[in-house]
There are 2 protein chains.
Amino acid sequence: MTKTAQTPKGSGDRVSSSLAQAIHEHRLAPGTKLGEDEVAEIYNVSRTIVRSAFQSLAHIKLIDIKRNHGAYVAQPSLREAREVFEARELLEPRTARSAAALATQEDADSLRRHIDEEHKALNAGDSGRALYLSGSFHIEIARIANQRTIAEFVKTLIARSSLIIALYWRRESALCESTAHHALVDAIANNDAERAEELMRSHLVDLHSALDLREKPMPIRTLREALAGE
Amino acid sequence: MTKTAQTPKGSGDRVSSSLAQAIHEHRLAPGTKLGEDEVAEIYNVSRTIVRSAFQSLAHIKLIDIKRNHGAYVAQPSLREAREVFEARELLEPRTARSAAALATQEDADSLRRHIDEEHKALNAGDSGRALYLSGSFHIEIARIANQRTIAEFVKTLIARSSLIIALYWRRESALCESTAHHALVDAIANNDAERAEELMRSHLVDLHSALDLREKPMPIRTLREALAGE
DNA sequence: GCACACTTTATTGTATACAATTGCTTTTAT
DNA sequence: ATAAAAGCAATTGTATACAATAAAGTGTGC
């Protein structure tokens with residue numbers, strides 16, 4: 001009755017999450033074409049499953065399905081990038097506040113474990129995985145806030161953020177400075193809602209400003225795309 | 001190039017939107033089982049299409065797909081209902097503010113047309129359609145706000161609101177009082193962002209309080225369900 | 001008569017086969 | 001030689017066939 005296994009575990013979920021994680025960790029670059037047969041062969045499933053997975057990924061905007069043309073890892077536009085971060089700045093501070101108000105010792109420990117993992121990945125030179133874990137840190141906060149609906153939104157926003165970072169990150173700026181995450185955990189552990197909210201807000205603003213959302217209107221991949229227009 | 005036809009128009013979208021509208025208009029009650037063959041026959045398509053449509057509807061929580069059991073029109077729990085309205089109260093006032101800041105004459109006209117349609121449906125006794133239009137009024141505001149990402153969230157929240165209203169509406173309270181919508185349009189037409197935000201907030205609070213979110217933990221449909229537990 | 005086990009049936013999950021659309025290559029005519 | 005058009009190859013969209021799972025109905029034993 002009190003089982004946490006709320007997951008029905010669909011079958012195509014395996015390929016779906018695997019692809020999602022690959023995108024998250026920047027192993028699949030924006031614009032990469034995902035052929036159905038190709039993916040089907042890799043995972044040893046039929047195209048039926050792959051299509052189902054693609055549909056899920058398309059819904060959270062991780063890939064673009066162009067009818068009769070195929071699925072491509074999404075390339076969020078500048079506008080989309082701005083919108084995603086504006087949405088995050090609207091939702092997540094509130095989420096952090098609720099999380100701080102509700103957090104138990106166990107929750108705080110869970111967050112600290114996340115940060116540790118992040119450190120380890122970073123020290124191991126696996127910046128892709130570090131980025132992924134950095135995202136799941138935010139998702140964990142939303143989970144603690146006990147607002148599943150908003151948490152779901154945050155989840156998709158963070159997934160898209162990963163693509164945005166892949167496209168628009170200014171490499172000169174430090175992105176994964178975990179000081180912000182540390183401070184956030186402390187505030188949450190102390191049930192300091194006000195401070196958690198403010199820390200999250202400033203953290204997101206920092207993240208937002210570490211992106212270059214001015215120029216580079218479209219990362220061109222092929223000549224064809226350059227001439228076809230968006 | 002400047003085409004607004006952003007819609008790829010998938011094929012199963014027809015059945016998906018048709019089902020969505022039926023749920024929206026309360027022609028399909030929460031808990032109703034949707035058999036794949038049954039739906040496939042109705043729309044003269046294969047189960048492949050139906051499954052694809054079901055997946056879309058499940059993603060926006062309009063239906064629940066229980067593995068190996070089938071698809072059912074969702075029955076939002078009390079908790080879910082609260083969460084949905086809390087999310088709306090977080091997102092929509094901000095959306096209304098942006099909409100008011102950006103609205104053109106054309107936008108205002110569009111909103112007024114929506115209200116007119118709503119009135120007509122109500123006078124024609126088609127309360128289901130009136131409810132549907134009432135929802136699309138909110139979506140239209142999100143569209144005007146020019147925040148597609150948030151608009152998408154609002155869209156799903158409103159779809160779920162329709163189910164919530166079906167389950168928890170206190171019939172004694174007036175729901176579709178369009179005075180609120182009228183005032184909102186006026187504020188938006190006058191580009192009064194502050195007022196639009198506040199009107200939206202109070203409108204949502206009114207809506208929220210027109211629901212009975214205290215008792216009635218589970219609307220029982222069959223004896224079996226009553227005994228099986230959630 | 002009741003309970004338990006087995007069989008049967010209906011429904012969903014997955015794979016494959018077929019149809020349609022797209023982009024590319026080749027051919028042909030100017 | 002170039003450009004247009006027709007055919008070709010490849011990929012996606014859809015339908016159908018098969019497999020697996022779960023529910024329900026049936027029969028037997030106590």
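Lettering follows sequence order; numbering is per chain, from 1. Predicted model only: the values in this text are computed from it and were never measured.
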Subject >> Selected nucleotide, minimal atom distance to H69(B) side chain, candidates dA23(D), dG23(C), dT12(C) >> reply: dA23(D)
Original post:
What residues, two or more places apart in sequence or in another chain, satisfy side chain to side chain donor-acceptor pair (under 3.5 Å) together with D109(B)?
Top reply: Q105(B)
**OP:** Rounded off to whole Å, could you give me the NZ-to-P distance for the K33(A) and dT11(D) pair?
**Re:** 7 Å
Subject >> Flag, side chain of S98(A) to backbone of R94(A), donor-acceptor distance under 3.5 Å >> reply: yes
For nucleotides 15-19 of chain D, list the nitrogen or oxygen atoms of the protein found under 3.5 Å from its nitrogen or oxygen atoms, one pair per line.
residue: dA15(D); atom: OP2; partner: S46(B); partner atom: N; Å: 3.1
residue: dA15(D); atom: OP2; partner: S46(B); partner atom: OG; Å: 2.9
residue: dA15(D); atom: N7; partner: T48(B); partner atom: OG1; Å: 2.8

Original post:
Expressed in angstrom and rounded to an integer, what is the separation of R14(A) atom CZ from dT14(C) atom P?
Top reply: 11 Å
Original post:
For the pair made of CD in E38(A) and P in dA10(D), what is the distance, rounded to whole Å?
Top reply: 15 Å
Original post:
CG of D37(B) versus C1' of dA10(C): gap in Å, rounded?
Top reply: 10 Å
**OP:** Take atom CG of L34(A) and atom P of dA10(D), then tell me their distance rounded to the nearest Å.
**Re:** 20 Å
Original post:
So which nucleotide from dA22(D), dT12(C), dT14(D) ends up closest to the side chain of R67(A)?
Top reply: dT14(D)
Original post:
Considering residues at least two apart in sequence or located in another chain, which fulfil the ring-ring contact (aromatic ring centres under 6.0 Å, His included) criterion with H138(B)?
Top reply: H181(B), H203(B)
Original post:
Rounded to whole angstroms, how far apart are NZ on K66(B) and P on dT12(C)?
Top reply: 13 Å
**OP:** Give the rounded distance in Å between these two atoms: CD of Q55(B) and C1' of dT14(C).
**Re:** 14 Å
**OP:** Tell me, please, which residues at least two apart from N146(A) pass side chain to side chain contact (heavy atoms under 4.5 Å, CB included).
**Re:** L102(A), R79(B)
Subject >> With sequence neighbours excluded, residues passing ring-ring contact (aromatic ring centres under 6.0 Å, His included) with H59(B) >> reply: H59(A)
Subject >> ring-ring contact (aromatic ring centres under 6.0 Å, His included) partners of Y132(A), counting only residues at least two apart >> reply: H24(A)
